[in-house]
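Only heavy atoms go into these numbers, but all of them, side chains included; no hydrogens, no water, no symmetry mates. One-based numbering along the sequence shown. Counting starts at 1 for both ligands and their atoms, following the listed order.
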Amino acid sequence: MYERCIGSIMKIYNTLTKKKEDFVPLQEGKLTMYVCGPTVYDFIHIGNARPMIVFDTFRRYMEYKGYEVNYVSNFTDVDDKIIKKAIEEGKTAEEISQRYIEECKKDMEGMNVMPATKHPLATQEIDGMISMIQTLIDKGYAYDADGTVYFRTRKFKDYGKLSKKNIDDLEAGHRNIKVAGEESKEDPLDFVLWKPKKEGEPAWQSPWSDGRPGWHIECSVMSKKYLGDEIDIHAGGEDLVFPHHENEIAQSEAANGVPFAKYWMHNAFLNIDGTKMSKSLGNFFTVRDISEKYDLQVLRFFMLSAHYRSPLNFSADLMEAAKNGLERIVNAGEKIRDAKAKGADYVMTEDEAKNLSEAQEYVKKFETAMEDDCNTANAISAVFEYVKFTNSIVNAESTKEFAAKLYEILEQLCNVLGVILEKETEAVGDEDYIEEMIAKRTQAKKDKDFALADSIRDELAAKGIILKDTREGTKWSRS
Ligand code: AMP
Ligand code: ZN
């Protein structure tokens with residue numbers, strides 16, 4: 001059998017160096033990772049789902065390799081958009097954010113995105129933000145101007161190192177823009193760390209004013225609190241590179257005096273008709289919209305069908321292709337499970353042992369793809385090849401032991417992709433599922449595949465569903 005070991009090297013494209021680099025963790029066997037989460041003022045759209053799915057898959061792979069992963073992803077629950085929505089709906093900002101955090105968690109569950117080790121909320125971390133802002137003021141990196149606190153951008157010498165922007169070019173771009181209310185800034189490049197409240201807005205007491213934090217400071221603080229001053233990986237969509245991540249680096253490194261994240265990973269956009277899907281353009285589908293037509297597993301599989309750094313265009317055709325591809329894998333799983341249930345109980349034959357060692361080639365292919373900067377598109381191709389291979393070698397003569405070993409491999413690879421081979425919830429007795437199984441069995445009988453027909457009957461019987469074949473078709477009842 002193959003050995004999984006941390007030793008084989010994951011390569012990551014690091015936005016900071018613009019190169020693919022070997023991943024060397026800060027602490028052997030451990031991975032600390034922070035992924036910027038959504039602002040919770042509405043249902044998430046499928047563009048927001050892309051970082052959730054791709055970085056969840058990266059995390060799953062690292063866990064599969066044996067890493068102990070500490071994965072933190074925030075919810076931004078204080079923001080202009082939340083306040084606007086609260087006013088529109090006559091609710092509090094907290095009611096709005098709580099509602100959409102719950103909805104987001106339901107969507108994540110449907111897409112089989114693992115809950116983070118910790119999902120911090122900005123509003124629960126205000127003390128930490130006040131304390132980091134105070135440190136920045138004490139060190140001369142920030143200043144209070146009539147209750148608003150700004151970061152002194154030019155003082156941070158490395159500003160622009162992530163987005164590769166030159167500070168003088170940025171200055172030129174800003175010169176003509178005088179934003180109302182920001183006249184007290186020392187320099188147009190300075191950005192907000194704390195702002196005083198306006199009438200009706202949620203606010204917290206601070207040494208500078210009753211108000212609320214800027215957006216960037218929350219991630220610096222939550223990352224520090226839950227992962228430490230220095231972390232392995234910081235990730236998010238590519239629209240966050242500038243200014244959000246650039247500003248996070250400035251705040252964290254100025255306050256903590258050590259490098260912030262070793263590797264920066266950014267996913268490309270999910271597009272629609274070649275344009276970034278976004279709330280503001282109105283060209284979006286929510287994850288909830290998609291769930292009305294598809295199992296969200298299909299959406300997940302669709303997202304993973306492209307490399308995370310390639311733009312991905314959403315289309316009905318690609319979703320159908322994803323649905324078919326997923327079905328191919330699930331059906332192969334069913335076939336092997338069937339062989340496992342019915343196979344002979346003696347030890348694996350010599351031929352089977354040979355085939356099993358050949359199976360390791362597909363595992364290797366899969367791992368090579370995943371270690372090449374998380375190339376899920378190629379990893380999926382390896383799974384398709386494996387499925388083709390198992391379809392060709394699993395049959396009524398296969399031994400239980402052989403089928404079980406093949407299934408274990410498929411299950412492990414699918415688990416990294418977050419693809420569920422056998423859905424437990426459906427199996428408990430959901431009526432649509434039972435009807436679907438009956439239709440499959442009827443088809444199997446038509447195809448004279450009696451082994452499959454019997455296995456479906458047995459599978460349902462094991463779940464307490466009894467089938468009765470009548471002249472009007474197959475009827476079912478619960479035992
Ligand atoms: P937001 O709520 O806008 O801060 O977005 C949450 C996450 O979704 C961030 O990591 C964004 O970069 C990401 N994101 C937003 N729109 C898209 C898109 N169309 N494609 C890929 N990622 C996106
Ligand atoms: Zn962030």
Side-chain angles (χ1 to χ4, degrees), residues 15 33-56 58 71-82 84-85 96-97 100-101 103-104 107-108 111 113 116 119-122 125 129 132 162-163 191 193 213-227 231 233-252 260-261 264-287 290 299-300 302-304 306-315:
T15 312
M33 181 158 182
Y34 186 96
V35 182
C36 294
T39 306
V40 277
Y41 65 102
D42 207 339
F43 289 99
I44 56 164
H45 63 70
I46 58 177
N48 302 135
R50 191 169 188 195
M52 288 177 183
I53 291 169
V54 297
F55 297 122
D56 175 65
F58 178 84
Y71 188 98
V72 174
S73 190
N74 65 304
F75 287 114
T76 297
D77 64 342
V78 55
D79 175 85
D80 288 344
K81 293 183 203 121
I82 300 173
K84 184 166 169 269
K85 181 92 170 214
I96 295 292
S97 59
Y100 289 111
I101 287 170
E103 299 295 358
C104 179
D107 288 338
M108 285 168 67
M111 297 184 294
V113 169
H119 281 290
L121 306 185
E125 309 291 343
M129 297 188 218
M132 188 180 278
L162 181 72
S163 54
F191 59 89
L193 299 173
W215 170 37
H216 316 300
I217 195 75
E218 69 176 76
C219 291
S220 285
V221 167
M222 297 188 225
S223 180
K224 178 182 171 78
K225 177 164 171 190
Y226 296 103
L227 298 172
I231 68 170
I233 300 176
H234 195 116
E238 67 182 12
D239 53 337
L240 300 188
V241 173
F242 186 85
H244 185 53
H245 287 163
E246 197 70 63
N247 290 355
E248 279 189 43
I249 291 177
Q251 296 162 158
S252 294
F260 181 25
W264 287 83
M265 295 175 80
H266 292 100
N267 65 274
F269 292 143
L270 177 79
N271 293 331
I272 189 152
D273 299 326
T275 307
K276 180 196 173 195
M277 184 176 284
S278 76
K279 275 269 153 62
S280 54
L281 291 174
N283 60 348
F284 63 91
F285 291 106
T286 63
V287 170
I290 300 300
L299 180 65
R300 180 174 185 117
F302 158 77
M303 293 285 183
L304 297 179
H307 186 262
Y308 76 95
R309 283 191 297 110
S310 304
L312 174 59
N313 209 49
F314 181 77
S315 75

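With rounding to the nearest 0.5 angstrom, the NZ atom of Lys84 is 10.0 Å from the CG atom of Asp80. Distance check: Lys279 NZ to His45 NE2 gives 5.5 Å after rounding to the nearest 0.5 Å.
Ligand 1 has an N or O atom lying under 3.5 Å from an N or O atom of Met277, backbone or side chain. At least one N or O atom of Thr39, backbone or side chain, sits closer than 3.5 Å to an N or O atom of ligand 1. Checking only distances, Pro51 never comes within under 3.5 Å of ligand 1, N or O to N or O. For the pair Asn48 and ligand 1, the shortest N or O to N or O distance falls below 3.5 Å.
Ligand 1 places these atoms under 4.0 Å from at least one heavy atom of His45: 16 (N). Set against the non-hydrogen atoms of Asn267, the atoms of ligand 1 under 4.0 Å away are 21 (C), 22 (N).
Scanning the protein for heavy atoms near atom 20 (N) of ligand 1, the closest one is Leu270 N, 2.7 Å. Among protein heavy atoms, the minimum distance from atom 9 (C) of ligand 1 is reached at Leu240 CD1, 3.7 Å.
The distance cut-off of 2.8 Å around the Zn ion (ligand 2) captures these protein N, O or S atoms, sorted by chain and number: Cys36 SG, Cys219 SG, His244 NE2, Glu248 OE2.
For Pro38 against Cys104, the heavy-atom pair with the smallest separation is CG-SG, 4.2 Å. When all heavy atoms of Asn313 and Asp273 are compared, the closest pair comes out as OD1-N, 3.4 Å. Smallest separation of non-hydrogen atoms from Ala122 and Met222: CA-CE, 3.5 Å.
In Ala268, the part holding a heavy atom less than 4.0 Å from any atom of ligand 1 is the backbone. Residue Asp239 touches ligand 1 through its side chain alone, judged by heavy-atom distances below 4.0 Å.
Among Gly47, Gly237, Gly236, the residue whose heavy atom sits closest to atom 22 (N) of ligand 1 is Gly47.
Salt-bridge annotation for Asp56 and Arg300: present, with a side-chain N of the basic residue lying under 4.0 Å from a carboxylate O of the acidic one.
The side-chain hydrogen bond (donor to acceptor under 3.5 Å, both in side chains) test applied to Asp239 returns Lys276, not counting sequence neighbours.
With hydrogens and angles ignored, the 3.5 Å screen pairs no side-chain donor or acceptor of Arg50 with any backbone N or O of Asn267. Remark: the backbone N or O of Asn74 is not paired with any side-chain donor or acceptor of His119 at under 3.5 angstrom.
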Worksheet entry | CA sep, side-chain torsions, deciding dist, call: His216, His245, side-chain hydrogen bond (donor to acceptor under 3.5 Å, both in side chains) | CA-CA 8 Å; His216 316 300; His245 287 163; over 6 Å; no
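Remark: the Glu248 side chain and the Ser220 side chain contain no N/O donor-acceptor pair separated by less than 3.5 Å.
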